[in-house]
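Here's the structure, in structure tokens; my notes come after.
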Amino acid sequence: MCGIVGAVAQRDVTDILVEGLKRLEYRGYDSAGVAVINNNNELFTTKRLGKVQELVQALEQQPLSGGTGIAHTRWATHGAPSEVNAHPHISSNTIAVVHNGIIENHQALRTQLQGLGYEFLSQTDTEVITHLVHHELKTSDNLLAAVQKTVKQLEGAYGTVVMDSRDKDNLIVARSGSPLVIGYGLGENFIASDIMALLPVTRKFSYLEEGDVAQISRFEVKIFDIDGKPVERAAKEVNVSHDSGDKGEYRHFMLKETFEQPTAIRNTLEGRIVAGALDINAFGEGADEIFKQVKHIQIIACGTSYHSGMVARYWLEELAGISCNIEIASEFRYRKSFVPKNSLLVTISQSGETADTLAALRLAKEIGYKSSLVICNVAGSSLVRESDIAFMTKAGAEIGVASTKAFTTQLVGLLMLTVAIGQHNGMSKEKQGEICQSLMSLPAKLDEVLALASSIEELAEDFADKNHALFLGRGDQYPIAMEGALKLKEISYIHAEAYAAGELKHGPLALIDAEMPVIVVAPKNDLIEKLKSNVEEVRARGGLMYVFADSDANFASDDTMKVIDVPVCDDIIAPIVYTLPLQLLSYYVAIIKGTDVDQPRNLAKSVTVE
Ligand code: AGP
């Protein structure tokens with residue numbers, strides 16, 4: 001979603017800001033803009049609809065320079081994507097503002113400010129912040145005080161950066177609901193919505209907390225909490241590669257990240273399974289005490305992360321003997337739910353900033369959940385900071401909007417959680433060892449699966465002229481079918497549905513004809529004979545099938561069925577193994593269709609508004 005970069009330095013910051021925007025492109029956006037204050041205290045702004053590249057071209061023709069500046073990539077919420085709605089927004093040629101989030105009371109504030117004579121140029125909610133700061137500055141000692149007064153009047157979510165051309169030594173930033181991270185340099189300091197934007201200039205960061213307002217200047221950062229009291233927010237060095245944002249030899253981030261899965265899983269396992277047994281420290285301090293008392297697990301997540309939670313429910317109930325419920329965060333947060341005794345709330349999120357998941361966690365604490373665990377890929381993110389314990393997936397930066405390695409590393413974490421809970425619920429040592437061994441076999445197994453890429457690329461041609469597809473699975477492969485359908489629709493724009501194969505005859509069978517390809521995930525397991533009957537139901541109605549199966553499942557290709565041979569693997573890790581062919585299928589279909597694989601239309605990587 002929207003991205004923010006800001007800098008106060010002695011050197012010209014325009015290139016730093018633009019490079020930061022490029023590194024935030026993966027989040028999804030529709031327009032971009034930059035504003036800088038030059039040495040003569042003049043404010044200049046350039047905005048463009050479309051890609052950051054359009055902005056770069058505009059800046060080549062008319063360069064901006066100055067040591068203090070802010071920049072933004074916008075993902076439209078209020079007002080269509082357009083140059084005028086792009087940020088930064090300006091008030092009276094002096095105040096410039098970028099903002100992530102949604103100001104819910106923007107209409108009332110707009111009317112009030114119009115009454116004071118302010119003229120609005122855009123349809124955005126953000127513009128109210130700009131004029132409000134300008135108005136408050138008339139009765140405030142400085143920009144910091146004006147922003148502090150302004151944010152008190154805002155309802156909704158914001159991560160915002162404000163600058164004033166008459167005070168080029170300072171940026172004022174404020175956070176409530178949308179993340180902001182301060183980057184510390186030598187004689188220069190930075191602000192961004194995501195550390196990725198600042199990796200070329202610093203590795204030292206501190207995260208603002210809810211309600212914080214900060215004043216950032218070249219040599220000093222002052223942070224104030226919601227009550228205006230000065231506070232410290234510990235600065236930490238992060239160990240993320242500067243090149244995480246580089247596609248390397250790959251045509252797209254999604255392909256690179258798909259092929260990185262064996263390494264991502266190896267990294268996620270490293271030091272967590274020792275001598276064939278789970279090291280409970282993988283879940284952080286106090287985890288074992290929490291796990292000992294847990295009698296029920298409630299999982300909350302969105303999108304792909306929700307699918308990994310769905311797989312986990314099969315594992316937790318069957319192998320760890322504990323009751324488990326899973327719900328989409330946007331539903332959970334708006335209904336009254338029952339909290340079973342000794343429940344553990346588990347959130348799952350790649351970014352750790354998904355607005356609905358974060359709101360669900362906060363609600364869960366209010367309604368009586370005593371402990372919370374997050375499975376997350378971003379250290380220091382809001383979900384990690386606000387949960388009692390965390391399991392960090394070590395997938396590395398995931399740039400493609402379509403989640404790949406984050407999903408499979410989440411599954412690895414959830415399988416470890418199954419062992420961690422299971423050992424307090426009578427799971428035998430032998431079973432624990434078996435699961436750990438299967439996990440350790442995964443990287444090599446996934447290398448075998450990735451070798452199928454060229455045959456899946458050929459298969460993708462069958463889908464290029466299709467408008468719909470149906471994915472089928474049973475048991476723990478049903479969520480994998482759902483994930484396959486999500487991947488296909490999100491990057492190739494082909495409408496895809498997933499069904500638990502047993503549900504076919506209750507409706508979707510009516511859709512079957514030669515124009516509806518049916519993709520089946522079919523490892524040999526206890527449900528294979530049931531699944532085969534469902535496959536026959538499709539075949540009898542003239543459906544065209546693509547079956548991903550291992551040799552033990554005994555499917556044979558013929559006129560109505562193409563079988564793609566997936567390496568035989570242990571049952572327990574089959575959901576992870578069968579995910580990769582579906583990721584590759586959607587990737588190659590998208591390539592044929594010529595869609596924007598890494599930044600599919602209308603989507604954002606990190607969904608920080610609800
Ligand atoms: C899937 O490919 C998505 N990009 C999307 O569904 C994503 O999983 C969802 O928005 C949740 O994000 P999170 O894991 O960062 O919370």
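Along the sequence shown, the residues carry numbers beginning at 1. Order of listing sets the numbers, starting from 1, for every ligand and every atom in it.
- Using a cut-off of 4.0 Å between Lys/Arg side-chain N and Asp/Glu carboxylate O, Asp194 and Lys605 are scored as not salt-bridged.
- Distances from ligand 1 to the non-hydrogen atoms of Glu353 include no value under 4.0 Å.
- Panel note: side chain Lys466, backbone Met516; no donor-acceptor pair is recorded below 3.5 Å.
- The OG1 atom of Thr418 lies 9.0 Å from the CG atom of Leu439; values are rounded to the nearest 0.5 Å.
- Taking atom 1 (C) of ligand 1 as the reference point, the nearest protein heavy-atom neighbour is Thr304 OG1, 2.9 Å.
- Polar contact check, Thr357 against ligand 1: no nitrogen or oxygen pair lies under 3.5 Å apart.
- Among all non-hydrogen protein atoms, the one lying nearest atom 12 (O) of ligand 1 is Thr354 OG1, 3.5 Å.
- Nearest protein heavy-atom neighbour of atom 11 (C) of ligand 1: Cys302 O, 3.4 Å.
- Here's the thing with Ser351: one of its N/O atoms is less than 3.5 angstrom from an N/O atom of ligand 1.
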(request) Starting from the C-alpha separation in whole Å, work towards a yes-or-no answer on salt bridge (charged side-chain N to carboxylate O under 4.0 Å, His left out) for Glu386 and Arg362. (result) CA-CA 8 Å; Glu386 295 190 27; Arg362 290 173 182 163; 2.7 Å; yes
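- For ligand 1, the polar-atom distance check against Val401 finds a nitrogen or oxygen pair separated by under 3.5 Å.
- Every N/O-N/O distance between Gln410 and ligand 1 stays at or above 3.5 Å.
- Close contacts of ligand 1 with Ser349, meaning ligand atoms under 4.0 Å from a residue heavy atom, involve 13 (P), 14 (O), 15 (O), 16 (O).
- Remark: ligand 1 atoms within the under-4.0 Å shell around heavy atoms of Glu490 are 1 (C), 2 (O), 3 (C), 4 (N).
- Each of the atoms 2 (O) of ligand 1 lies under 4.0 Å from some heavy atom of Ala402.
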